[in-house]
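All chains are named by letter (A, B, ...) in the order of the sequence lines, taking the proteins before the strands, and each is independently numbered beginning at 1.
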Amino acid sequence: MSSSQSFQSLPHEQNCPECGNQLSPDEKRGETSCPSCGLVIEDGKLDHGPEWRYSNDPDGPSPRTGSPNTKLRHDRGIGNTQISTEHTDANGNQISSKKRRKLSRLRRYHKQAQTRSTKEQNIRTGISEILRMGSALGLNKNVKETASVIFRRASQQDMIAGRSVETMATSALYASIRLTGLPLQIPEIAQVSRVEEERIKHGYKVLNKELKLNVSPRAPEDYLPKIISNLNEPEMDQTNGKASYADESALEIKARELIDLARENELFSGKRPIGFAGAALYAADQLLLGDEKVRDCITLNQHAIGELIDKSPVTIRSRYQELIDVYREESG
DNA sequence: ATGGTTTTTACTGCGTC
DNA sequence: GACGCGGTAAAAACCAT
């Protein structure tokens, strides 16, 4: 199902999705926020590169050790520190029994600190779930990291109590997917989660509200590449050829045009965005073919599109009609 | 739970191959 | 006759409250 093409993230917005003002990056705090409404777009944008210098470059940063800071570990990676059980120090000298006792005590504290609270434990399992599901869905690191950040914040604000870690982890992943604009829907995520769809939906709602995630509604365009990439999948009827116009990019461009038109005319309210995406492709195909009745492609009929986006042909028809109406209006 | 809206289901007729 | 398409009424699903 997954193709590399369909999971690319969108370019970052320069303007606030909330109020439209120019965004200002705050280097010190490592976040990009809107000066007008205070919406934080990118939080914790730190340098996660290796914290050591490669050579004896005297101008380089002072060398620090340990693995790079990452949000994908419940303790951001610093828990990798180990206190050796060897009875010798770094130079191979014996350690006194007094010091050994101290070290053993430190070791114990350290271990406790790693998973001290149940909160930390929750974050640990939550994030490992996010990683598991993310990998199953073929998501890139950014999406998983964003999901982890959301999950961590949820935990810090005591939103996990009373809900299952699984639920909130899945919901955080879905929230991250929505923020990135990936064309994945809850049913697809539920397939790799251990949680029912309804719970994901609810958890996502809670996250959205409490953390003020400010997710914009789905853009129908986001679905186009995914649908198009499935148009000529091998599992589709082999007797069906390709479309007769030049290439698929023409189809996508036309479909985008139709969707833009629909947006200008405020047709989206209440309707499933994916329906517009499917219908726009259908309409684009019709328009591009024009009067050319003969075509070797029947993959783009209402039924086939409906199958691809899991909607009925009736829905395709309705959206198609709405799209064509504004299109005809526009072009006289 | 409820009520408004959208989507689906099931059925229709029409034109084309 | 099979197929694609358009329309419709009623049922079902969905969603905000």
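The nearest whole Å value for the distance from the CG atom in Asp285(A) to the P atom in dG4(C) is 14 Å. Between the CD atom of Gln286(A) and the P atom of dG4(C) there is a distance of 13 Å, rounded to whole Å. The distance between atom CG of Asn301(A) and atom C1' of dC5(C), rounded to the nearest whole Å, is 10 Å. Rounded to an integer number of Å, the gap from Ile274(A) CD1 to dT8(B) P is 11 Å. Remark: P of dT7(B) and CD of Gln302(A) are 15 Å apart, rounded to the nearest angstrom. Spacing between atom CD1 of Ile305(A) and atom P of dC5(C) amounts to 10 Å, rounded to whole angstrom units.
A donor-acceptor contact closer than 3.5 angstrom links the side chains of Arg218(A) and Tyr223(A). Side chains of Ser135(A) and Lys144(A): a donor-acceptor N/O pair is present below 3.5 angstrom, by distance only. Judged purely by distance below 3.5 Å, without hydrogens or angles, the side chains of Lys209(A) and Tyr204(A) never pair a donor atom with an acceptor atom.
Counting heavy atoms from C-beta on, the side chains of Gln286(A) and Leu300(A) never come closer than 4.5 Å. Looking at heavy atoms from C-beta onward, Leu139(A) lies in side-chain contact with Leu173(A) at the 4.5 angstrom threshold.
A donor-acceptor pair under 3.5 Å is formed between the side chain of Ser193(A) and the backbone N or O of Val195(A). Side-chain N or O atoms of Asp285(A) include none that pairs as donor or acceptor with a backbone N or O of Leu288(A) at under 3.5 Å.
For DNA chain C, the neighbouring residues in residues 309-323 of chain A, judged by any heavy atom under 4.0 Å, are Arg317(A), Tyr320(A), Gln321(A).
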Pull out every protein N or O sitting under 3.5 Å from an N or O of nucleotides 10-17 of chain C, one pair per line with the distance.
from    : atom 1 : to        : atom 2 : distance (Å)
dC14(C) : O3'    : Arg272(A) : NH2    : 2.7
dC15(C) : OP1    : Arg272(A) : NH2    : 3.4

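Here Lys201(A) pairs with Glu198(A) under the salt bridge (charged side-chain N to carboxylate O under 4.0 Å, His left out) rule; sequence neighbours left out.
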